[in-house]
There are 2 protein chains.
Amino acid sequence: MSTIRDDGNGMRSRMKDVAKQAGVSTATVSHVINGTRYVAENTKKKVYTAMKELNYSPNFIARSLRSNASKTIGLIIPAKEMDTSGFFFMAVAHSIEKKLKEVGYQLILSNSNEDIESEMQQINMFKNQMIDGLIMAPTYGDHSYLKEFEQQMPIVFIDREPMGIDCDCVLVDNYKGTYDAIHLLIEKGHKEIGYISGPLGLTTSNERMAGYKEALLEHDLPFKEEHVVIEEPSLEAGKKAMAQLLEETNCTAVMVANNILTLGSVVTLNERKIKVPDDLAMIGYDNYEWTEATNPPLTVIKQPINEIGEQAAELLIARLEDREAETKHISLPSRLEERQSC
Amino acid sequence: MSTIRDDGNGMRSRMKDVAKQAGVSTATVSHVINGTRYVAENTKKKVYTAMKELNYSPNFIARSLRSNASKTIGLIIPAKEMDTSGFFFMAVAHSIEKKLKEVGYQLILSNSNEDIESEMQQINMFKNQMIDGLIMAPTYGDHSYLKEFEQQMPIVFIDREPMGIDCDCVLVDNYKGTYDAIHLLIEKGHKEIGYISGPLGLTTSNERMAGYKEALLEHDLPFKEEHVVIEEPSLEAGKKAMAQLLEETNCTAVMVANNILTLGSVVTLNERKIKVPDDLAMIGYDNYEWTEATNPPLTVIKQPINEIGEQAAELLIARLEDREAETKHISLPSRLEERQSC
DNA sequence: AATAATTATGTAAACGTTTTCCTTAAAACT
DNA sequence: AGTTTTAAGGAAAACGTTTACATAATTATT
């Protein structure tokens, strides 16, 4: 009954103490805790009460060192600023954390700032056996440098397909997203359809653009350079882009292929008192709650944010258990959330 | 020049290998890496080249075990759903991560779901020497259970003041936030001012409410029960709350003391084609970018999100270095972002 | 009754660092 | 020349687990 450690002053008790208190070896304590071999019911009981008495909880670090697994996974997201687009990844982070917790894993959050240099730097941190696996949204650039790293621990890519490496990934069907949206616009009779996009290069932007082009093509509408404006994803840029389309083209509908640009576009539309959808029809990107609060509520392409996180987490866990299985490429559908802007 | 380990197949090299390669002891290698004692320039050089040759990087876990510090801090946020209010904390998380990275720390992200039970559970995970310190936004309830934990590692509370424990914390001056807002409304001639709030109990909600009451009092306006509606923070609830105020009161202005309720309120205003600010003036909460895109752009109370994270991180790091210093309570000002809704 | 199989547990090495002592060689004093 | 000081670095313990191997006690088999 003597509490050797845990004097209430922060001195933590170790497995050794528990073993002594219970009159068994540390091996037995360990096996009781982990259920890794048979232990007599009676002995178990002794161990449990000793653990209670000493207020014992196992040291994660020591366990990780010995068993070579930290039950922790890393996440690298490219959130430049904490603007709306950063929210996308933060929301994904949230759903990853949720899923991981279910299976007893922890999440280390990190940020590449959409810059491949800091991405590499972060990876280097992660090399040190701190994490068992990695989930990341690759920033623009060649990722073959990850090949070596990937031998050491599994990687799951999310949202964007990395260049130069083949790994598990969970992506969104961006192509079909915009394709469907443009299709809808055309069905409603629009023939001059503008397109506002974030910088090309990221697979997401490229695919969305491809969907736009293909939809036009299939309906025998010409692709016009001047109907496309490409801007950095920022509110100001969005305002500017929409203004440009308004002033320089005869578009009757606009598709905005990025959330923050969507927001900017709406600002311009408001400022100029453009009647949506009568004067101009519009479809935006990402089903954030605010898109419901504009006037009129926006029709948007909805990405399955939670599913991305969930599936990524699941994929990684599965990969941790079978390093040899074929790489999986999961493509999640995006859906058109029809409201009143088109 | 022989590479003993690191055969390119994922076998990692250890300090022992580096030592052998450089012809020194592991002690020397360690000291070179950490700069913990003088090592001759020449020896250093040998160690460095050996490290390069073997592509060595130290094992974090082993280091943590020995030195009893993981250079990792935990964060617990109460993000029930990934709605707009969850974004607030995610944004804080983002700025914490940023600051921590600067000083070489990692961030483990976790979520209490605004539920004190899972909060406790998470804390218990963290007991295991995984983290060196904790930042958390306490959920509603008594937190004296953390006293014991706090002896083991420092805690910094953010956004909300915890009940039952005195710790470092960085809060926002919620009182002054709403006080100023109501003051502005009164100055503009409003006498019947509605107030929509999230559930009381959280210190944030309480303080905002206090600011509202005090501002009325100081301008000799009566506090009217029926002008206050309290709802769970959800879009639907926001819609309902604003509808109720519209139908059952003669308010000419409304203050909404929560972001997601603000969003809901705007939806109702749009649906009913209420002219803002002419028919109804309004001030919302939190300066998210979307508040600029409503029609008209919303006047909002802006919380210093990034500063919260930065200061919390700084406070924790400082505390890690001096466990005995007096507890600090930092209160950050919120600012009125005046736009056109009032 | 002797041996084999089974059951329940213990001993000690190992994980990869950091850190406390030591040791050696050279330089600086008497 | 003998002693002390300083400079540079090595040997090995320690951190708290997990786990490979060993052992003792019991039961089953012949």
Side-chain angles (χ1 to χ4, degrees), chain A residues 4-6 10-48 50-51 54-72 127-132 152, chain B residues 4-6 10-48 50-51 54-72 127-132 152:
Chain A
I4 302 136
R5 277 194 161 201
D6 192 2
M11 189 60 141
R12 308 196 55 229
S13 53
R14 301 144 306 168
M15 188 176 271
K16 206 197 266 188
D17 305 316
V18 174
K20 189 181 281 180
Q21 177 100 338
V24 299
S25 73
T26 63
T28 298
V29 176
S30 173
H31 287 301
V32 167
I33 290 174
N34 300 301
T36 34
R37 86 175 173 196
Y38 179 85
V39 176
E41 211 47 56
N42 195 31
T43 316
K44 268 190 195 170
K45 213 169 285 172
K46 281 191 292 182
V47 170
Y48 282 128
M51 280 173 37
L54 297 184
N55 188 23
Y56 171 77
S57 63
N59 181 316
F60 236 86
I61 299 285
R63 169 182 293 181
S64 303
L65 177 60
R66 175 59 227 238
S67 62
N68 203 26
S70 60
K71 287 272 182 180
T72 300
K127 270 205 178 131
N128 312 149
Q129 303 294 57
M130 232 177 351
I131 59 171
D132 296 345
Q152 293 178 29
Chain B
I4 301 138
R5 277 194 157 197
D6 192 4
M11 189 60 140
R12 311 197 52 231
S13 54
R14 301 144 305 169
M15 188 176 273
K16 206 197 268 187
D17 305 316
V18 174
K20 190 180 284 179
Q21 177 98 339
V24 299
S25 72
T26 62
T28 299
V29 177
S30 173
H31 286 303
V32 167
I33 291 174
N34 301 301
T36 34
R37 87 175 172 196
Y38 180 83
V39 176
E41 212 45 58
N42 195 30
T43 316
K44 268 190 194 170
K45 214 169 282 173
K46 283 192 290 183
V47 170
Y48 281 129
M51 281 174 36
L54 297 183
N55 189 22
Y56 172 77
S57 62
N59 181 316
F60 235 88
I61 299 287
R63 169 180 294 183
S64 302
L65 177 59
R66 179 57 229 238
S67 62
N68 202 26
S70 60
K71 286 268 181 185
T72 300
K127 270 205 180 134
N128 313 150
Q129 303 294 59
M130 231 176 350
I131 58 170
D132 296 345
Q152 293 177 30

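Letters A, B, ... are given to chains in the order of the sequence lines, protein chains preceding strands, and every chain is numbered from 1. The structure presented is a predicted model; accordingly, all values stated were derived computationally and were not measured.
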Nearest-0.5 Å distance that lies between atom OG in A:Ser13 and atom CG in A:Asn59: 11.0 Å
Five-pair end axes of the helix from C:dA1-D:dT30 to C:dT30-D:dA1 and the angle they enclose, rounded to 10°: 60°
Sub-4.5 Å side-chain heavy-atom contact between B:Asn128 and A:Arg63: no
Distance in angstrom units between B:Leu65 CG and D:dA13 C1', rounded: 13 Å
Gap between atoms NZ and C1', on A:Lys46 and C:dT9 respectively (whole Å): 10 Å
B:Asn68 CG - C:dT18 P separation (whole Å): 13 Å
Atom pair distance, as rounded to whole Å: CZ in B:Phe60 and C1' in C:dC15: 17 Å
Test item: A:Thr43 and A:His31 side chains (from C-beta on) under 4.5 Å apart, heavy atoms: no
Separation between CE of A:Met130 and OG1 of B:Thr72, rounded to the nearest 0.5 Å: 6.5 Å
Heavy-atom pair of closest approach, residues B:Asp132 and B:Ser70: OD1-N, 2.8 Å
Closest to side chain of A:Ala62, choosing from D:dT17, C:dG10, C:dT18: D:dT17
Shortest side-chain distance from A:Met15, nucleotide among D:dT17, D:dC15, C:dA8: D:dT17
Residues A:Asp17 and A:Arg14 bridged, charged N to O under 4.0 Å: yes
Chi angles and distances behind the side chain to side chain contact (heavy atoms under 4.5 Å, CB included) call for B:Thr28, B:Val39: CA-CA 7 Å; B:Thr28 299; B:Val39 176; 4.1 Å; yes
Given C:dT19, D:dG10, C:dC15, the nucleotide with the shortest approach to the side chain of B:His31: C:dT19
B:Lys20 NZ to D:dG10 C1', straight-line distance once rounded to whole Å: 16 Å
Gap between atoms NZ and C1', on B:Lys16 and D:dA12 respectively (whole Å): 12 Å
Out of C:dT17, D:dT19, D:dA11, whichever nucleotide has its closest atom nearest the side chain of B:Ser25: D:dA11
Residues within residues 33-41 of chain B bordering DNA chain C, heavy-atom distance below 4.0 Å: B:Asn34, B:Arg37
Below 4.0 Å: OP1/OP2 of C:dT17 and any side-chain N or O of B:Ser30: no
Nucleotide C:dT18, atom P - distance to CD1 of A:Ile61 in whole Å: 13 Å
Greater than 12 external heavy atoms within 6.0 Å of A:Lys16's NZ: no
Candidate nucleotides D:dT19, C:dC15, D:dT17, ranked by approach to the side chain of A:Tyr56 - the nearest: D:dT17
Minimal non-hydrogen separation, A:Ala27 against A:Arg37, with atom names: CB-NH2, 4.4 Å
Nearest-nucleotide 5' precedence on DNA chain D, A:Ser67 against B:Ala27: B:Ala27
D:dA14 phosphate, OP1 or OP2, under 4.0 Å from B:Arg66 side-chain N/O: no
Given C:dT9, C:dG10, D:dG16, the nucleotide with the shortest approach to the side chain of A:Thr43: C:dT9
Where B:Ala19 and B:Thr26 come nearest, the two heavy atoms and their spacing: CB-N, 3.7 Å
Distance in angstrom units between A:Asn59 CG and D:dA14 P, rounded: 17 Å
